[in-house]
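A note on names: the letters A, B, ... follow the listed sequences, proteins ahead of strands, and every chain is numbered from 1. Any value given below was found using the heavy atoms of this structure, including those in side chains, with hydrogens, waters and symmetry copies removed.
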Amino acid sequence: MLKSLRMVTDPLLDKNPVTVHILGICSALAVTTSVATALTLSLALMAVLAVSAGIISLIRRHIPSSIRIIVQITIIASLVIVADQLLQAFAYEMSQRLSVFVSLIATNCIVLGRTEAFALHNRPVPSMLDALGNGAGYSLVLLVVAAIRELFGAGTLLGYGVLPLVADGGWYQPMRLMLLAPSAFIILGLLVWAVRSLRPVQQEAREFSPYAPERQVQP
Amino acid sequence: MAEPRSSGPWRRFLARPNTDRVKTVGVALLVAVACGLSVSTAAVLLRPLIEANVAAERQALMSAMLAGLPGIGPILEEAGADAVEQVVVDLDAGAIAGGIDPAGFDQAAIAADPQTSTALSRAEDLAGIGRRENFAQAYMVRRDGELALVVLPVYGNGYQSTIRAYLALEADLATVAAFTVYEQGETPGLGSRITEPAWQAQWAGKSVSRDGEVVIEVVRGTADGPYEVDGISGASVTGYAVTDMLHFWLGPRGFGPWLDRLRMGGA
Amino acid sequence: MIELFQRAVFEENLALSFFLGMCTYLAVSKRVETALGVGVALILVQAISVPLNHLLHAYLLRAGALGWLGLPDTDLGFMRLITFIGIVAGLVQVLEMLLDRFVPGLYRALGIYLPLLAINCAIIGGSLFMVERQYDLAESAVYGLGTGIGWALAIVTLAAIRERLRYADLPRGLEGLGMAFIVTGLISMAFSAFAGVRVI
């Protein structure tokens, strides 16, 4: 029981797919200009990840190694396309916001990365738990970055005005750089710094140490 | 020793080692067929629903745009949907094409066909569309027999997608009544803000041409005068794309000739 | 054509202007040799896949494409993504076998990021842009080569900077990945200055 819980909570901080495994970066930059889009993509990705992990785990014993990549990709991409078609047919409004992200989910490194690393070698239920955990970890990073970018770039959060903009008679001049991708990189870098300060075990091993000359002690 | 169960061909196939060539090809084929079938089935079964949704959405956008225009809303209420006349324009001739039925007209299909479209030279192809269909849809709204509004569907190459929009011109064919983007895939949060009502609202009342030349443009920063529209920060390429798209469709290779004819009282 | 090539390498650099292929970009840029290796691999895959995908799209997938088979009404456009991914995955599989045989050092160094090339957003994105902008075969080839070279240029640049950064006295939490993110942000800001520059 505890082990299952750890599978869902580990990827939040200790084994976060974005900050530790360096997966899912492309979408972390593209959709984090507003919290609403980040939330939409996160939920969609969690759903696709969980279902693909489940399916691939079910057939894992019979996937030959030489074609395993393409088999996984085919299953994941098909799932995404079918999900997109279903949304377009039954929830057109929502699909309009998501359609742009469809290809982002299908080519998201996290999905293939987790199925390759975990679902291929484990039973369905643990695989789906791992998928949910990684999806949650990814969502957490996305939401944090999106919150910062939206708040400082547009003065809003989830569309609701938080900081009064100068254009509306307030005092806050929005940082337009926040709406551009370089800011996402910088925020992610600072986020990694924060996480690694909290969890020093994640820090990279040094290959050199800065040269510090021996202090001369005067006799 | 227990009797081995009689195994069917499926069980025997599954029991093969994963390195076996037959199994590799077999699994590949099975996955391909299963995935292909599910995607194709979903697409085919859902296509009518999706097309209906797309058409309804476009219709809703058009209606919302028209209803929001001062003076047009009442016309629509009085005369109903018939007040909006759908026409097919022969772009090169600059006139309404008499022999084509607007109801069944499929503009997308003729755009790709070399026989019903014209290749554009680099210099002419402001909107980045490559080929331009020879016939295009347009909508006219009349009040008491007089032309009140002309709606031109326009499209062009954006930053990372095709932008499709309706440009509504008032009776003088030089003032913008409204501009509505109904399809785009630009950067979420940046270029995609061209769909925001606040941005689209500033088009009302702008003038598209001065001394016969199309000059309306989306500028970086704040607009200065009736020929400029505020750009969106961080989305300058999308802004340029909208400008180029309008310059093309209002120009000599687009609806220009037809608009000139309308101005002189023809059709 | 030259303008297209120049645009693909600098102004519309897939890594630094559109931010595609970032996972591999950040993960494999620790050493210049591996970065160069992955860059060359990506150039190869991109230069082959974009024109190949163009042919598939033109003669198989888009609306009316199957006219030569007598099926002018079929529109297989919805299969576009998965077909492109399939082609790229096949190319990557071949690449994997070639690397394993001829350059095993690079094969080991790439690790999981070699199979991840199969879904690299830059490669798929290149093909999707080609469809969106309706390039013909020659333009597709130039675009594929140009974007591949642009991405390789970007990753080698970052690797060179990261190698220098190893000697810097950074806070422990910022060393490595953290600094790589920040440096990438700064480089991409610099690349945005290319917008509108014309060499020819």
For the residue pair C/Cys23 and A/Ile22, what are the closest heavy atoms and their distance? CB-O, 3.6 Å
Which atoms of C/Gln93 come close to chain A, meaning under 4.5 Å heavy atom to heavy atom: side chain ones, backbone ones, both, or neither? side chain
If you count heavy-atom pairs under 4.5 Å with chain A, which of C/Gly173, C/Gly185, C/Gly90 comes out on top? C/Gly173
Atom group of A/Thr19 that falls short of 4.5 Å from chain C, counting heavy atoms: backbone
Interface moiety of C/Leu20 toward chain A, non-hydrogen atoms closer than 4.5 Å: backbone
Please give me the minimum heavy-atom distance between C/Arg31 and C/Arg166, naming the atom from each residue. NH1-NH1, 2.9 Å
Under 3.5 Å, is there a donor-acceptor pair between the side chain of A/Asn16 and the main chain of A/Leu12? yes
Looking at A/Leu188, A/Leu198, A/Ile70, A/Ile69, which makes the most heavy-atom pairs under 4.5 Å with chain C? A/Leu188
Chain A contact via C/Ile123 - which portion, at a heavy-atom distance below 4.5 Å: neither
Students often mix this up, so state it plainly: with edges at 30° and 60°, are the rings of C/Tyr143 and C/Tyr135 parallel, tilted or perpendicular? tilted
Contact winner vs chain A - C/Thr184, C/Leu177, C/Ile187, heavy-atom pairs under 4.5 Å: C/Leu177
Counting heavy-atom pairs under 4.5 angstrom with chain C, the leader among A/Ser78, A/Gly113, A/Pro182, A/Ser197 is A/Pro182
Which is it for A/Ser34 and A/Thr37 under the side-chain hydrogen bond (donor to acceptor under 3.5 Å, both in side chains) test, yes or no, and what are the steps along the way? CA-CA 6 Å; A/Ser34 76; A/Thr37 41; 2.8 Å; yes
Less than 4.5 Å apart, any side-chain heavy atom of A/Gln72 and any of A/Arg68? yes
In Å and rounded to the nearest 0.5 Å, what is the CD1 to CD1 distance from A/Ile67 to A/Ile73? 12.0 Å
Using a 4.5 angstrom heavy-atom cutoff, name the option from C/Ala89, C/Ser188, C/Gly86 with the most pairs to chain A. C/Ser188
Answer with side chain, backbone, both or neither: which region of A/Leu191 has an atom nearer than 4.5 Å to a non-hydrogen atom of chain C? neither
